[in-house]
K.L.:
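I'd like to ask some things about the structure below.
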There are 2 protein chains.
Amino acid sequence: MEVEILKKKKLRVTPFRKEVLDVFLKNEHAISIQDIEDALVEFDRITLYRTIKSFTNKGVIHEIVMPGDVKKLALCDGVCDHDSGLHEHNHIHFQCRLCSEVYCVEVDELPKIEVPGFTIEEQEIQAKGICAKCS
Amino acid sequence: MEVEILKKKKLRVTPFRKEVLDVFLKNEHAISIQDIEDALVEFDRITLYRTIKSFTNKGVIHEIVMPGDVKKLALCDGVCDHDSGLHEHNHIHFQCRLCSEVYCVEVDELPKIEVPGFTIEEQEIQAKGICAKCS
DNA sequence: AATACAAATGCAACAATATTGCATCTATGG
DNA sequence: CCATAGATGCAATATTGTTGCATTTGTATT
């Protein structure tokens, strides 16, 4: 599983990368760098940061920053494959007011915003409320 | 101007706070903490951080984090008045791909997203494209 | 299977960003 | 004008992220 994901994105397969990827695969919600550190038994912090950067650049994961919260990371759907900026997501980022977890939620269609004078090329939606589990 | 804003939000009026508020009033786009530091002649960095925190808590300003960019700050419309989380904005956050500036753009109506199982209470939209000036 | 080489790792040092404690000062309501 | 809660300034420290460099490892190629 981890191997296929890495190979598909042309990333070299190493034990450490598989471990990091495992942490993402074991969580259905977005995780913080601290969460990853807690899940790993022994690791080098610098290598972790570089791994995260590689994963982000190749579209394996993407960053999510909810207002007032630490940066979180989540697996991409498989369509992301560029080096910076917003990714082509068909999902919104949702944070639950009760459990504080951040989820990437699939939506059929994102509404198109129109703003006079501005050309909108990409957009992302961040929402807060109550998640399915806490309802 | 600065005094009214501060008093309305029940914040004590000090020379430093007026200076910081001035920096916001002089920019029509969101600014980084670095931008504020550059605009001030002599200041205490810790006091600046605390001022920003007070302003944010009282809804004078709000944080904007665009993917891959540093945190930026912008004045609130006047409707924000709570201590954390998303604010009740009627605008979207827009970053220009060319000049990199971040703008809060007023929109008549934000589209409502529906997600089965999730109760969405607040939402924020982040967009990228070309701004009015760079068009 | 051996090899060559680009890429990843691990360590040290450091840079940027943000917070806490505490003593002092000041804006504001009475 | 005074009392005092809140703001400031300084020192120390925490958190988060980066860079350089020597060494190791994964992968494609022979």
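So that the names make sense, note that chain A is the first sequence line, chain B the second, and so on, each numbered from 1.
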K.L.:
Measure the spacing between CD of A/Glu63 and NZ of A/Lys53 and express it to the nearest 0.5 Å.
P.N.:
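Nearest 0.5 Å value for the CD-NZ distance: 9.0 Å.
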K.L.:
Quick one: are B/Ile36 and B/Ile52 in side-chain contact, heavy atoms under 4.5 Å?
P.N.:
yes
K.L.:
Is the shortest distance from a Lys or Arg side-chain nitrogen in B/Glu122 or A/Lys128 to a carboxylate oxygen in the other one below 4.0 Å?
P.N.:
no
K.L.:
Minimum heavy-atom separation for A/Lys9 to A/Lys58, with atom names?
P.N.:
CD-O, 3.5 Å
K.L.:
Rounded off to whole Å, could you give me the CG-to-P distance for the B/Leu48 and C/dT19 pair?
P.N.:
11 Å
K.L.:
Judged by atom type as modelled, is there a donor-acceptor pair below 3.5 Å linking the side chain of B/Gln126 to the main-chain atoms of B/Val65?
P.N.:
yes
K.L.:
When rounded to the nearest 0.5 angstrom, what is the spacing between OH in A/Tyr103 and CZ in A/Phe94?
P.N.:
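Rounded to the nearest 0.5 Å, the OH-CZ separation comes out at 9.0 Å.
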K.L.:
Which is true for A/Ser54 with a 4.0 Å heavy-atom rule: it touches a base, it touches only sugar-phosphate, or it touches nothing?
P.N.:
nothing
K.L.:
Considering heavy-atom distances to DNA chain C, does B/Leu11 or A/Leu11 have its closest nucleotide positioned more toward the 5' end?
P.N.:
A/Leu11
K.L.:
Tell me if the CD atom of B/Glu114 is crowded by more than 12 foreign heavy atoms within 6.0 Å.
P.N.:
no
K.L.:
So what is the end-to-end bend of the helix from C/dA1-D/dT30 to C/dG30-D/dC1, with 5 pairs used at each end and the value given to 10 degrees?
P.N.:
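Its terminal axes enclose an angle near 50°.
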K.L.:
May I ask you to evaluate whether B/Thr47 reaches the phosphate of D/dC10, defined as a side-chain N or O under 4.0 Å from OP1 or OP2?
P.N.:
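No, outside the criterion.
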K.L.:
For the residue pair A/His62 and A/Cys76, what are the closest heavy atoms and their distance?
P.N.:
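Of all heavy-atom pairs spanning A/His62 and A/Cys76, the closest is ND1-SG, 3.5 Å.
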K.L.:
List the protein contact pattern of nucleotides 15-25 of chain D with one symbol per nucleotide (5' to 3'): B for base contact, S for sugar-phosphate-only contact, - for none; contact means a heavy-atom distance under 4.0 Å.
P.N.:
-BBBBB----B
